[in-house]
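This report concerns only the one structure given below.
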Number of protein chains: 2
Amino acid sequence: MDMTERKLKILQAIISDFVRTAEPVGSRTISRNYELGISPATIRNEMSDLEEMGYLTHPHTSSGRVPSEKAYRLYVNEMMGRKELSADQKEEIARRLYDNVTELDNLIERAAHVLSEITSLTAFALSPAKEMEKLRYIDLIPVDERTVVLMIVSESGKVSNTAVQLDRPASEETLRILAKNMTYNYSGKTLSEALRSDIIRNFREDAEAMAMFENNIVPGFLRTLENMLNVNLYMDGLSNIFSIPEYSDIEKAKGFFDIINRKEEIRKKLIERDDGIIITIGGENQDADLAECSVVTATYHVDGKLVGKLGVIGPTRMKYDEVTSVVEYLTDNISKAFMITGGD
Amino acid sequence: MDMTERKLKILQAIISDFVRTAEPVGSRTISRNYELGISPATIRNEMSDLEEMGYLTHPHTSSGRVPSEKAYRLYVNEMMGRKELSADQKEEIARRLYDNVTELDNLIERAAHVLSEITSLTAFALSPAKEMEKLRYIDLIPVDERTVVLMIVSESGKVSNTAVQLDRPASEETLRILAKNMTYNYSGKTLSEALRSDIIRNFREDAEAMAMFENNIVPGFLRTLENMLNVNLYMDGLSNIFSIPEYSDIEKAKGFFDIINRKEEIRKKLIERDDGIIITIGGENQDADLAECSVVTATYHVDGKLVGKLGVIGPTRMKYDEVTSVVEYLTDNISKAFMITGGD
DNA sequence: GTTAGCACTCGCACATAAAGAGTGCTAACA
DNA sequence: TGTTAGCACTCTTTATGTGCGAGTGCTAAC
């Protein structure tokens with residue numbers, strides 16, 4: 001059976017109506033509310049065809065039609081236009097994103113918040129992966145006899161540090177040598193290179209320094225690198241789930257929270273996703289628990305180096321055009337916002 | 001009407017049964033399952049008295065009795081014993097608390113997690129208030145011509161820092177002088193003193209240093225202090241709410257999440273609460289949205305200086321004895337755990 | 001003071017009925 | 001040949017009625 005122009009229009013009308021109301025839509029509704037100039041009977045015939053083609057389903061004999069995942073996929077791929085955000089919306093988003101942000105992670109967290117509020121869905125955002133960040137500078141700052149602070153500065157200016165307790169007192173001179181050596185050995189290396197590579201030990205001539213390096217500094221160094229590499233997952237708008245009719249059933253709501261609680265898993269899944277705007281619909285999500293959800297993600301870049309993701313998770317019946325636009329606008333603006341506020 | 005020994009026993013039986021089953025309890029149930037040696041009819045008479053005294057309520061004429069808030073209050077104040085945790089439970093808690101913790105905040109977050117799992121309720125924990133923390137050491141570390149890292153180390157060893165962009169290049173000498181001065185002026189002061197006090201400017205002799213100090217260092221200093229003072233609220237076990245019959249109604253569940261979402265408010269409320277173990281039952285919580293919940297909080301101390309809170313929120317029908325014991329055990333162990341793992 | 005007995009009250013689960021929305025088919029029409 | 005009106009049929013939803021069970025409150029006897 002061929003897809004005709006008219007079938008497409010009817011399908012679009014059905015999707016649009018169902019997205020709005022969450023109720024199966026009947027032929028009369030389409031005929032009344034969408035000016036296609038054809039009678040309910042004709043629409044019924046077309047609907048019957050569309051069902052045979054796999055674009056519609058029938059909850060039961062005597063109810064309206066519901067778009068299938070195949071229909072959403074067609075809609076997203078072929079029929080959906082970008083919904084340009086209004087100037088007001090853009091301003092609102094920008095204002096809230098730019099407001100008083102001092103840390104990149106902070107900005108990302110806020111992006112999740114804004115995203116969830118605008119879409120009324122559950123939003124998430126991943127702080128940037130820093131594998132490709134390069135080390136710039138390493139220092140050991142004596143605080144007291146047995147305490148030094150190990151500080152690592154990355155090329156993008158991110159600072160991280162740990163207080164390290166020493167076995168034995170260290171002279172400032174020793175610390176200076178160690179720090180200088182580490183900076184020399186590691187600056188220009190990426191964080192993951194530094195973490196994976198064998199620790200470079202080239203002060204064998206100084207037994208004292210060497211012992212301390214081995215026992216105290218190296219563990220602290222690795223710990224700090226790991227901290228810097230950590231990717232945080234922020235989620236927001238969890239309670240939005242309750243305003244979605246699909247989840248008015250307590251069991252389903254519970255199921256949703258069960259998914260959402262497995263943060264570690266989500267984090268991994270997100271990291272695996274391809275770059276750019278990705279929409280997965282229902283069963284396209286490997287996870288069986290997500291079979292009734294769609295996920296929209298987009299990738300942001302800061303400085304062309306740091307890379308992270310954000311997006312929303314909601315019922316397959318979501319406003320893909322709107323959501324896509326907001327997600328895109330946010331990612332486009334994240335690096336911009338961050339430069340303006342001049343965070344570290 | 002007087003409270004008698006027997007009435008107390010019956011009330012305790014009713015509370016205990018209702019806490020377990022969430023169903024109104026009838027006279028037969030009490031007579032069968034609790035060996036009080038009296039018949040249902042007698043129990044009915046006593047129940048009737050207890051109702052008149054305000055300890056029981058009656059959902060409708062032909063159903064069992066439900067304890068009132070007044071009953072829970074009596075129970076908590078007079079009848080409840082501490083439920084000693086089993087050695088196994090203690091070990092389990094300790095193991096999970098001590099496991100691989102490197103940061104205090106981390107430990108607190110985990111405490112919330114453990115607490116929610118053990119009680120099957122929603123748990124929260126507040127990272128310690130650091131108002132009383134004293135500054136130990138301040139340093140300015142040059143990274144490149146226009147970038148320095150401002151580092152603050154507190155007496156308990158917590159390190160915090162910000163990268164500061166400079167208007168103009170600064171000599172290492174200038175930075176050294178500034179850092180030395182700041183350490184001299186602020187070490188021994190508490191964080192909040194440092195934040196509130198006027199900035200001390202005593203290098204008027206050096207116009208160059210002074211200008212940089214004013215324009216770049218001071219804002220970074222204040223920002224860092226504020227960061228250090230920030231109190232984080234961790235919540236865990238949100239989805240536990242779904243296994244509580246009281247919240248099988250979607251509207252109530254939604255209401256619960258509405259409360260939980262107002263993190264800022266919760267944080268403030270928690271900070272205001274008195275020290276020690278505090279139990280508020282139903283309407284005793286000012287917040288109308290919490291009128292059907294009870295909140296149990298306890299205070300922990302680290303090093304006798306840092307102070308924070310943790311606790312649970314659940315239905316008025318909760319196992320107060322168990323919850324109290326767990327909460328108490330956790331707070332007692334937090335500082336201990338932290339010393340053992342040798343965190344910063 | 002305690003207890004057995006019994007009438008009475010509700011709430012709940014279940015069945016049944018009526019209403020409403022929507023389809024699918026048939027036959028007529030342009 | 002495509003479109004439409006008409007109508008029987010299906011299935012869900014909502015309202016209504018009924019019986020059952022749990023539990024009380026009262027009375028009278030112990």
Side-chain angles (χ1 to χ4, degrees), chain A residues 1-11 13-15 17-18 20-68 245-246 248-250, chain B residues 1-11 13-15 17-18 20-68 245-246 248-250:
Chain A
M1 200 172 309
D2 288 357
M3 178 57 87
T4 64
E5 190 67 22
R6 193 170 70 180
K7 280 193 174 59
L8 272 182
K9 271 189 184 154
I10 291 174
L11 186 56
I14 293 173
I15 291 175
D17 210 78
F18 184 70
R20 198 166 41 81
T21 64
E23 298 291 335
V25 341
S27 53
R28 275 182 61 85
T29 317
I30 299 298
S31 156
R32 234 187 299 116
N33 303 341
Y34 299 81
E35 286 154 16
L36 302 176
I38 42 180
S39 75
T42 309
I43 293 175
R44 276 205 290 284
N45 288 331
E46 296 284 43
M47 278 172 150
S48 182
D49 291 352
L50 283 167
E51 181 163 0
E52 206 174 316
M53 294 162 80
Y55 291 109
L56 294 177
T57 59
H58 227 180
H60 54 86
T61 349
S62 68
S63 81
R65 254 64 173 217
V66 171
S68 67
E246 276 88 338
S248 62
D249 169 19
I250 200 89
Chain B
M1 198 170 313
D2 287 357
M3 179 58 86
T4 64
E5 191 66 24
R6 194 170 69 179
K7 280 193 175 59
L8 272 182
K9 273 190 183 152
I10 292 174
L11 186 56
I14 294 173
I15 291 176
D17 211 79
F18 184 71
R20 199 166 41 80
T21 65
E23 299 289 335
V25 343
S27 53
R28 275 181 60 85
T29 317
I30 299 297
S31 156
R32 232 186 301 117
N33 303 340
Y34 299 81
E35 285 155 17
L36 302 176
I38 43 180
S39 76
T42 310
I43 293 174
R44 278 205 289 283
N45 289 331
E46 296 284 43
M47 278 173 152
S48 183
D49 290 353
L50 283 166
E51 181 161 1
E52 206 174 315
M53 294 162 80
Y55 292 110
L56 295 176
T57 60
H58 227 182
H60 54 87
T61 348
S62 68
S63 82
R65 255 66 172 215
V66 171
S68 68
E246 276 87 339
S248 61
D249 170 20
I250 199 89

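Order of the sequence lines sets the chain letters (A, B, ...), proteins ahead of strands, with each chain counted from 1.
- Rounded to an integer number of Å, the gap from B:R32 CZ to D:dA22 P is 9 Å.
- Distance from the side chain of B:S48 is smallest for D:dG25 among the nucleotides C:dT23, D:dG25, D:dT4.
- In this structure, the nucleotide among D:dA5, C:dT3, D:dT24 sitting nearest to the side chain of A:A41 is D:dA5.
- For C:dA19, the paired base is D:dT12 (Watson-Crick or G-U wobble, both distances below 3.5 Å).
- Per the geometry, CG belonging to A:N45 stands 15 Å off P belonging to D:dT1, to the nearest Å.
- Across B:A22 and B:E246, no two heavy atoms sit closer than the pair CB-OE1, 4.4 Å.
- Checking B:P40 against A:S63, the closest nucleotide of DNA chain C that is more toward the 5' end is the one next to B:P40.
- Listed pair A:R65 / C:dG24 meets the phosphate criterion, a side-chain N or O lying under 4.0 Å from OP1 or OP2.
- A:K9 NZ: 12 or fewer foreign heavy atoms inside a 6.0 Å radius.
- Of the possible donor and acceptor atoms, none in the side chain of A:T57 sits under 3.5 Å from a partner among the backbone N and O of A:S68.
- With a 4.5 Å cut-off on side-chain heavy atoms, A:L36 and A:T42 do not count as touching.
- Rounding to the nearest 0.5 angstrom, the gap separating the CD atom in B:E5 from the CD1 atom in B:I10 is 11.0 Å.
- Side-chain atoms of A:I38 lie closest to D:dT4 of the nucleotides D:dT4, D:dT24, C:dA4.
- The CD-P distance, from B:E51 to D:dG23, rounds to 15 Å in whole Å.
- Going from atom CG of B:D49 over to atom C1' of C:dT2 covers 14 Å, rounded to whole Å.
- Nearest approach of B:P59 to B:P24, heavy atoms of both residues: CG-CG, 4.1 Å.
- The interatomic distance linking B:I30 (CD1) with C:dT2 (P) rounds to 17 Å, in whole Å.
- Look at A:R6 and you'll find a side-chain N or O under 4.0 angstrom from OP1 or OP2 of D:dT3.
- Put simply, CD1 on B:I43 is 12 Å from P on D:dG23, counting in whole angstrom units.
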With the criterion being N/O to N/O and under 3.5 Å, what pairs connect the protein with nucleotides 7-15 of chain D, and how long is each?
unit_1 : atom_1 : unit_2 : atom_2 : d
D:dT10 : O3'    : A:T61  : OG1    : 3.4
D:dT10 : O2     : A:S62  : OG     : 3.0
D:dC11 : OP1    : A:T61  : OG1    : 3.3
D:dC11 : O4'    : A:S62  : OG     : 3.0
D:dC11 : O2     : A:S62  : OG     : 3.0

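- One atom, CD of A:E46, and another, C1' of D:dG2, lie 10 Å apart when rounded to the nearest Å.
- For A:T42 and D:dT4, the shortest distance from a side-chain N or O to OP1 or OP2 is below 4.0 Å.
- Checking D:dC30 for Watson-Crick or G-U wobble geometry (two distances, each under 3.5 Å) identifies C:dG1 as its partner.
- Residue B:R28 contributes atom CZ, which lies 16 Å from atom C1' of D:dG25 at whole-angstrom precision.
- Under a 3.5 Å cut-off, the side chain of A:S31 and the backbone N or O of A:S27 do not form any donor-acceptor pair.
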